[in-house]
Structures are given as C-alpha cells and as structure tokens.
Amino acid sequence: MANTKGLLIVFEGTDGTGKSTQLKLLAQLLEEKGVDVISSFEPTNGAYGKKIRALYSNRENTSREDELELFLADRKEHVETLIAPALASGKVVLLDRYYLSTIAYQGAAGLDPALILQKNDFAPVPDLALLFHAPIQTGVTRITENRGDKLNDFEKEEYLRKVKVQFEEMDLPCIKRIDANRSIEEIHQDVLRLVKNLPGIG
Ligand code: ADP
Ligand code: TYD
C-alpha cells in the first residue's frame with residue numbers, strides 16, 4: 001500500500017538503541033515548526049497489544065506462529081484506526097517500531113523473514129525507516145541502568161544478537177542506518193538531516 005498524502009517515519013532497532021528518545025526529540029521539533037505530527041508505538045495499548053505484553057514474562061508458552069499472528073493483528077488494528085486515517089489527512093506519523101521489528105524479532109525466532117514481510121502487505125510502506133544500530137551490550141546497559149528497567153523475555157542478550165543480525169541483513173529501500181552508539185545530540189542531528197530530505201518537510 002502506498003501513502004498518498006502524509007509521511008510515515010518509523011524508528012527501528014534493537015532494545016535500548018534510543019528509538020523512543022529520538023522519536024520524542026523529533027516530534028517536539030516538528031511540532032514547534034507547526035507540522036501536524038502524531039506519535040505512536042507498537043505493540044500498541046489495544047487489545048492485541050495487551051495480549052503481547054502478557055507474553056513478556058512467559059514467552060515460552062506461545063508458539064512462534066501464534067506470536068506472529070498477535071503482532072499482525074495488533075498492527076492491522078493500528079493501521080485501520082490510527083495510521084491510515086492520519087496519513088490520509090496529511091499528518092506526519094512517527095512510529096516507535098513497525099513491521100521491520102516483526103521481520104527482525106520473529107525472524108530471529110525462526111520464522112521466514114520474506115514470509116513475514118509478505119504478511120505485512122496490508123501495512124503502509126514507511127517513507128523513512130530509521131534503523132538504529134548499537135552494540136547489544138550498550139542497549140542492555142541503557143535499559144537496566146539508565147532506564148532502571150528489567151529485561152523482558154524479548155530482551156535476552158543471546159536472542160537480541162540474532163535480532164541484530166536480522167536487522168543488519170535487511171535490505172529495504174526505506175531504510176537509513178544510524179550509528180546509535182553516540183551522544184543523544186549527535187544522533188538527533190543525523191535524524192534531522194535524514195528527515196529534512198523527505199518531500200514536504202525540509
Ligand atoms: P529504546 O526506545 O530504543 O528502547 P530508549 O530511548 O528508551 O531506547 O533509551 C533507553 C535508555 O537509554 C533511556 O534511559 C535513555 O535516556 C537512554 N539513552 C537514549 N539514547 C542514549 C544515548 N545516545 N546515549 C546514552 N543514553 C541514551
Ligand atoms: P518495546 O518497544 O520494547 O515496547 P515496551 O515499551 O512495551 O517494552 O517492544 C516490546 C518488545 O516487542 C521488543 O523487545 C520487541 C518486540 N517486538 C516483536 O518481537 N515484534 C514486533 O513486531 C514488535 C513491534 C515488537
């Protein structure tokens with residue numbers, strides 16, 4: 001599905017690479033410039049998103065196929081209720097995770113990345129996918145020490161290393177890679193440079 005009016009910018013990468021931090025900084029700046037921005041995230045807070053969060057502490061009790069179906073159902077609802085209407089009305093939509101995460105995380109769990117992409121054909125293609133890269137250890141330290149969170153079942157280091165490989169192997173036209181192992185300000189400047197290249201924003 002192609003976007004006709006608005007812009008879809010997604011923030012992707014392994015946990016703790018700074019996606020949420022950078023999304024907020026970009027949203028703030030665009031809002032100050034008077035751009036009509038809407039920020040959201042996946043998994044959502046909807047019914048399927050809640051089922052997904054329930055898996056964080058007991059992921060082993062669900063098959064990988066059922067897990068994928070939950071992420072897809074959550075995204076379908078998200079597209080129908082928020083993403084597609086916002087794009088149709090010309091908004092800039094910023095998403096903290098989208099289908100690149102499904103390719104990487106469910107791909108790392110053993111499902112076929114090409115099939116996962118195909119199953120996402122209902123979802124609008126991002127105009128820009130900012131793919132944040134940093135060593136897994138850096139992300140894990142940021143989550144546990146800076147953010148004070150515990151690691152959930154999707155954030156085990158060994159698994160995240162496989163997820164990182166999936167992100168590295170991904171080759172989609174919308175992807176721009178960002179070295180996230182730098183200061184928040186340096187990364188923000190990179191994000192701005194890439195966003196300014198989009199039509200209708202610079
Ligand atoms: P993600 O959304 O990718 O999981 P967050 O944006 O939540 O990551 O960042 C995780 C933690 O690391 C937060 O406490 C945040 O303040 C901190 N953080 C974010 N970016 C950086 C950075 N470039 N350098 C150091 N710490 C960072
Ligand atoms: P995260 O962005 O960390 O959300 P929260 O703030 O609720 O912890 O995402 C939760 C986890 O879900 C993260 O480790 C990645 C995983 N995930 C998938 O496995 N597949 C997907 O399609 C998405 C969107 C996320």
Side-chain angles (χ1 to χ4, degrees), residues 10-28 39-46 48-60 62-79 82-83 94-111 113 115-117 119-120 122-123 126 129-164 166-167 170 178-191:
V10 303
F11 292 67
E12 291 281 13
T14 48
D15 301 77
T17 45
K19 299 178 296 298
S20 319
T21 304
Q22 294 298 331
L23 187 152
K24 283 191 198 97
L25 288 175
L26 178 64
Q28 224 167 18
S39 304
S40 191
F41 53 86
E42 293 187 3
T44 70
N45 276 333
Y48 295 109
K50 289 199 176 105
K51 284 190 185 173
I52 292 168
R53 287 209 171 76
L55 296 181
Y56 285 6
S57 52
N58 66 346
R59 197 179 172 194
E60 293 318 315
T62 306
S63 75
R64 296 300 176 249
E65 287 74 16
D66 288 351
E67 182 183 286
L68 172 64
E69 292 309 318
L70 279 178
F71 281 109
L72 291 172
D74 187 41
R75 183 159 307 123
K76 272 194 185 123
E77 191 176 78
H78 200 198
V79 167
L82 186 142
I83 301 171
L94 307 183
L95 295 183
D96 190 342
R97 294 196 183 280
Y98 196 43
Y99 62 73
L100 277 67
S101 279
T102 323
I103 299 172
Y105 282 78
Q106 279 57 59
L111 301 182
L115 182 68
I116 299 171
L117 178 61
K119 280 179 176 270
N120 275 282
F122 63 89
L130 298 164
L131 186 34
F132 292 77
H133 286 276
I136 294 303
Q137 189 56 55
T138 306
V140 165
T141 306
R142 283 180 189 168
I143 291 171
T144 52
E145 290 177 17
N146 301 17
R147 215 163 67 187
D149 280 350
K150 280 205 281 192
L151 299 179
N152 68 40
D153 283 6
F154 288 83
E155 295 169 339
K156 303 279 183 252
E157 273 191 58
E158 198 186 302
Y159 175 56
L160 287 182
R161 286 183 203 289
K162 292 188 193 155
V163 174
K164 187 168 166 44
Q166 291 291 332
F167 274 127
M170 230 175 260
I178 292 191
D179 174 5
N181 198 16
R182 293 176 298 159
S183 72
I184 291 177
E185 185 52 32
E186 281 172 305
I187 301 167
H188 179 56
Q189 290 309 320
D190 251 13
V191 169

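Computed over heavy atoms, backbone and side chain alike; hydrogens, waters and symmetry mates excluded. Just follow the structure's listing: the first ligand is 1, and inside any ligand the first atom is 1.
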Proximal ligand 1 atoms for I184, defined as those under 4.0 Å from one of its heavy atoms: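 This gives 20 (N), 21 (C), 22 (C), 23 (N) as the contact atoms.
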Need the ligand 1 atom indices (1-based, order shown) with element for anything under 4.0 Å from a heavy-atom of K19.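 Per the distance check, 1 (P), 2 (O), 3 (O), 4 (O), 6 (O), 8 (O).
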Can a protein heavy atom be found under 4.0 Å away from atom 6 (O) of ligand 2?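 No, there is no protein heavy atom closer to it than 4.0 Å.
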Salt-bridged, K19 to E12, with N to O below 4.0 Å?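 Looking at E12 together with K19, the answer is no, because their closest N to O distance does not fall below 4.0 Å.
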Which residue holds the protein heavy atom closest to [atom], what is that atom called, and what is the gap in Å?
atom: atom 7 (O) of ligand 1; value: R147 NH1, 2.7 Å
atom: atom 2 (O) of ligand 1; value: S20 OG, 2.5 Å
atom: atom 25 (C) of ligand 2; value: F71 CE2, 3.5 Å
atom: atom 16 (C) of ligand 2; value: F154 CD2, 3.9 Å
atom: atom 11 (C) of ligand 2; value: Y56 OH, 3.7 Å

Is ligand 2 under 4.0 Å from a heavy atom in the side chain of I52, in the backbone, in both, or in neither?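 Answer for I52: neither.
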Any side-chain donor-acceptor pair under 3.5 Å between T17 and H133?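 Side chains of T17 and H133: no pair found under 3.5 Å.
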Tell me the nearest of K19, E67, R97 to atom 9 (O) of ligand 2, using heavy-atom distances.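 The option holding the nearest heavy atom is R97.
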With a distance cut-off below 6.0 Å to the six-membered ring centre and an angular limit of 45° from the axis, does R59 pair with F154 as a cation-pi contact?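 Yes, R59 sits over the ring of F154.
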So is R75 actually on top of Y98's ring, under 6.0 Å and inside 45° of the axis?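 The answer is yes; both the distance and angle limits are met.
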May I ask you to decide if S183's main-chain N or O and E186's side chain share a donor-acceptor pair within less than 3.5 Å?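 Yes, because the side chain of E186 sits within donor-acceptor range (under 3.5 Å) of the backbone of S183.
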Using 30° and 60° as the class limits, which term best fits the ring planes of F132 and F11: parallel, tilted or perpendicular?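 Geometry flag for F11 against F132: parallel rings.
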Tell me whether [X] has any N or O atom under 3.5 angstrom from an N or O of ligand 2.
X: Q106; value: yes
X: Y98; value: no
X: Y105; value: no
X: D15; value: yes

For ligand 2, is Y99 a contact, meaning one of its heavy atoms is under 4.0 Å away?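 Per 4.0 Å heavy-atom rule, Y99 does not contact ligand 2.
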Distance filter under 4.0 Å to R53 heavy atoms, resulting ligand 2 atoms: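 The atoms of ligand 2 under 4.0 Å from a heavy atom of R53 are 7 (O).
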Run the numbers for me: atoms of ligand 2, each under 4.0 Å from some heavy atom of R75, listed by number.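 Under 4.0 Å from R75, ligand 2 has these atoms: 22 (O), 24 (C).
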Compare all side-chain heavy atoms of T21 with those of I184 and state whether any distance is below 4.5 angstrom.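 Contact flag for T21/I184 side chains = yes.
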So, do L25 and Q28 sit near enough that their side-chain heavy atoms are less than 4.5 Å apart?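 The answer is yes, as the side chains (C-beta and beyond) meet within the 4.5 Å cut-off.
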Under 3.5 Å: N/O of G18 near N/O of ligand 1: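 Yes; the residue has a nitrogen or oxygen that sits under 3.5 Å from a nitrogen or oxygen of the ligand.
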Can you find an N or O of D15 that's nearer than 3.5 Å to an N or O of ligand 1?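 Looking only at distances, the answer is no, because the N/O contact criterion of under 3.5 Å is not met.
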For ligand 1, the portion of R182 having any non-hydrogen atom under 4.0 Å away: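 For R182, only backbone atoms sit under 4.0 Å from ligand 1.
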One residue to check: I187. Relative to ligand 1, which of side chain, backbone, both or neither has a non-hydrogen atom less than 4.0 Å away?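 The part of I187 near ligand 1 is the side chain, not the backbone.
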Contact between ligand 1 and T17 is defined here as a heavy atom of the residue under 4.0 Å from a ligand atom; is it met?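 True for this residue.
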Quick check: closest heavy atoms across L23 and D96, and the distance to 0.1 Å?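 Smallest heavy-atom distance, with atoms named: CD1-N, 3.4 Å.
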Minimum heavy-atom distance A108-Y159, with the two atoms named: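 Looks like CB-CE1, 3.7 Å.
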